[in-house]
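To start, the structure under review is shown below, and the notes come after it.
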Amino acid sequence: MSALDSLDSIVVAASRACHSPLAIFIQFQGCVICLALALGWAFAAYVRAAAFTFLYHDMDKLEHSNQVDLPGVSVVMPLKGFGEHNLHNWRTQITTLYGGPVEFLFVVKSTEDPAYHAISMLLKDSQEEVDAKVVIAGYSTTCSQKIHNQLVGAEKMHTDSKYMLFLDDGVRLHPGTIGTLAAEMVKNPEIFIQTGYPLDLPSGSLGSYCIYEYHMPCSMGFATGGKTFFLWGGCMMMHANDFRLDRFGVVSELRDGGYSDDMTLAAIAGAHKRLITSPPVAVFPHPLASDLSFGRYWNYLRKQAFVLKSCLKCKLDHEQGTVFFTLLPIMP
């Protein structure tokens, strides 16, 4: 009976603790957070509900006569390493229904990067079908290697390109994505950057589910169907002349000490009151690595916190900081 009495006393003590003012406050706060997330996801679903029937709603736009005069697009992809999903992602990136001039620039640090040999073999098999090449950027000395690769790709883009699309190697494209993004840029010349958001697909590991849980609340910021202050570096379409002419300091700000491409460009957009949009169709399947451990997730979260803290010092809009630090307590 003594064991049962001890168990009863533990249950009674736990019940009293759960009914304390502090416990009630914590439970109430959790309910408010869950309600806010539920409403945000419901709004996101409503905005994007009619956007996925097909990326080209007007099939006549696929006719050759309607595509020959489309603006040129240079797709710049900074690469590093070779993961289990990269090859398939690259195939989707060079497979497009866009009928205008389009070139693909895969930028690596050196020929020693594992990505160099993998992408070279892929392009060798597709050289007659697409305008694509590998660019060797060399080592960065003034900014992050990713930004350095992006800037070298921008320098190498075709002189007739009107738009430039930055993609991460984890982005899996629909064949109509480039055409849809370009059409939005043509429709609204005031757009400074068009962005999107990755739809994480957990692989089953704990780390992959943690990454998925971290990204899901953030996805609400991209579900506006239009103007947003969020920016994801994995998909950014911009005016090519903004880089050629260094408008608003996009090149100099990135080159001189830039660490995060999306945070830096978001800060520039905020400082100069430029428009960032996220069209409803710009959601990209993003399979997560099967070997993504909790340690790798924690390292990713620490880097995200460092990037945000650094960019808050360089005039980043305060809304992004507020969102991150509000969500931090509910992260695992």
Side-chain angles (χ1 to χ4, degrees), residues 70-82 86-87 89-96 98 100-171 173 177-179 181-182 185 192-195 233-262 264-265 268:
L70 291 176
V73 178
S74 291
V75 185
V76 178
M77 289 151 287
L79 306 181
K80 180 181 179 181
F82 181 64
N86 287 71
L87 192 60
N89 294 342
W90 295 337
R91 284 198 180 101
T92 68
Q93 290 172 358
I94 63 176
T95 304
T96 178
Y98 189 64
V102 58
E103 65 170 344
F104 301 90
L105 303 173
F106 293 88
V107 189
V108 296
K109 178 174 63 176
S110 69
T111 56
E112 298 177 358
D113 193 311
Y116 173 78
H117 300 286
I119 192 61
S120 296
M121 291 298 295
L122 175 62
L123 297 186
K124 183 178 179 180
D125 296 335
S126 310
Q127 60 183 354
E128 296 182 359
E129 303 173 12
V130 296
D131 179 8
K133 61 182 177 181
V134 181
V135 177
I136 308 300
Y139 289 82
S140 174
T141 57
T142 62
C143 57
S144 71
Q145 187 64 46
K146 177 185 177 182
I147 290 178
H148 177 67
N149 289 7
Q150 290 173 320
L151 294 178
V152 171
E155 292 176 358
K156 301 293 184 180
M157 68 177 166
H158 198 281
T159 55
D160 292 333
S161 292
K162 186 174 182 180
Y163 304 118
M164 183 166 51
L165 176 60
F166 291 115
L167 293 175
D168 278 354
D169 56 11
V171 174
L173 292 189
T177 300
I178 296 177
L181 294 177
M185 298 290 282
F192 179 54
I193 307 174
Q194 263 196 115
T195 189
C235 173
M236 300 185 298
M237 178 171 276
M238 304 180 64
H239 294 272
N241 279 341
D242 288 347
F243 278 80
R244 294 189 183 105
L245 305 176
D246 194 16
R247 288 175 180 160
F248 314 110
V250 292
V251 174
S252 54
E253 290 288 342
L254 288 169
R255 181 191 59 219
D256 301 331
Y259 180 78
S260 170
D261 54 340
D262 47 11
T264 301
L265 291 173
I268 293 173

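No side-chain donor-acceptor contact under 3.5 Å links E155 to the backbone of Q150. Q145 places a side-chain N or O within donor-acceptor distance of the main-chain N or O of S140, the cut-off being under 3.5 Å. The closest donor-acceptor contact from the side chain of D262 to the backbone of G233 lies under 3.5 Å. H117 places a side-chain N or O within 3.5 Å of a backbone atom of T111 that can act as its donor or acceptor partner. In this structure, D246 contributes its side chain and V251 its backbone to a donor-acceptor pair below 3.5 Å. In this structure, the side chain of E253 does not engage the main chain of I268 through any donor-acceptor pair within 3.5 Å.
T96 is not listed as a side-chain neighbour of V75, based on a closest heavy-atom distance of 4.5 Å or more. Side-chain contact between D261 and P78 is absent, with no heavy-atom pair separated by less than 4.5 Å. S74 places none of its side-chain heavy atoms less than 4.5 Å from the side chain of L165.
When all heavy atoms of V73 and A182 are compared, the pair lying nearest together is CG2-CB, 4.4 Å. Nearest heavy atom pair, residue Y139 against residue S110, reads OH-OG, 4.4 Å. Nearest heavy-atom pair across P114 and G81 is CD-CA, 4.4 Å. In terms of heavy atoms, L123 sits closest to A132 at CD2-CB, 3.7 Å. Of all non-hydrogen atoms in S120 and V134, the two that sit nearest each other are OG-CG2, 4.1 Å.
Summarising the geometry, atom CE belonging to M238 is positioned 11.0 Å from atom OG1 belonging to T195; distances are rounded to the nearest 0.5 Å. If you take CD on E103 and NZ on K156, they are separated by 12.0 Å, rounding to the nearest 0.5 Å. Here the CG atom belonging to N149 is positioned 11.5 Å from the CG atom belonging to L105, to the nearest 0.5 angstrom. With rounding to the nearest 0.5 Å, the separation of NE2 in H148 from NZ in K109 is 10.0 Å. Interatomic distance, CD1 of I119 versus CG of D113, reported as 11.0 Å (0.5 Å rounding). Taken to the nearest 0.5 Å, the CG atom of L79 stands 9.5 Å off from the CG atom of D168.
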* Quick one: do L181 and C235 satisfy side-chain contact (heavy atoms from CB on, under 4.5 Å)? Show the steps, please. => CA-CA 10 Å; L181 294 177; C235 173; 4.1 Å; yes
* To do: Show your working on side-chain hydrogen bond (donor to acceptor under 3.5 Å, both in side chains) between N89 and Q93 and close with a plain yes or no.
  => CA-CA 6 Å; N89 294 342; Q93 290 172 358; over 6 Å; no
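Only one option out of K146, M77, M236 pairs with F166 in a side-chain contact (heavy atoms from CB on, under 4.5 Å); it is M236. L151 pairs in a side-chain contact (heavy atoms from CB on, under 4.5 Å) with only one of the listed residues (T142, L254, V107, V76), which is L254.
Every residue meeting the ring pair (Phe, Tyr, Trp, His ring centres under 6.0 Å) condition with Y163, not counting sequence neighbours, appears here in chain and number order: H239. Judged as a salt bridge (Lys or Arg N to Asp or Glu O under 4.0 Å), and not counting sequence neighbours, R91 has no contacts. The ring pair (Phe, Tyr, Trp, His ring centres under 6.0 Å) search around F248 returns F192, H272, not counting sequence neighbours.
Taking the six-membered ring where tryptophan is involved, the planes of W90 and F106 are perpendicular, since the angle between them exceeds 60° and thus also 30°.
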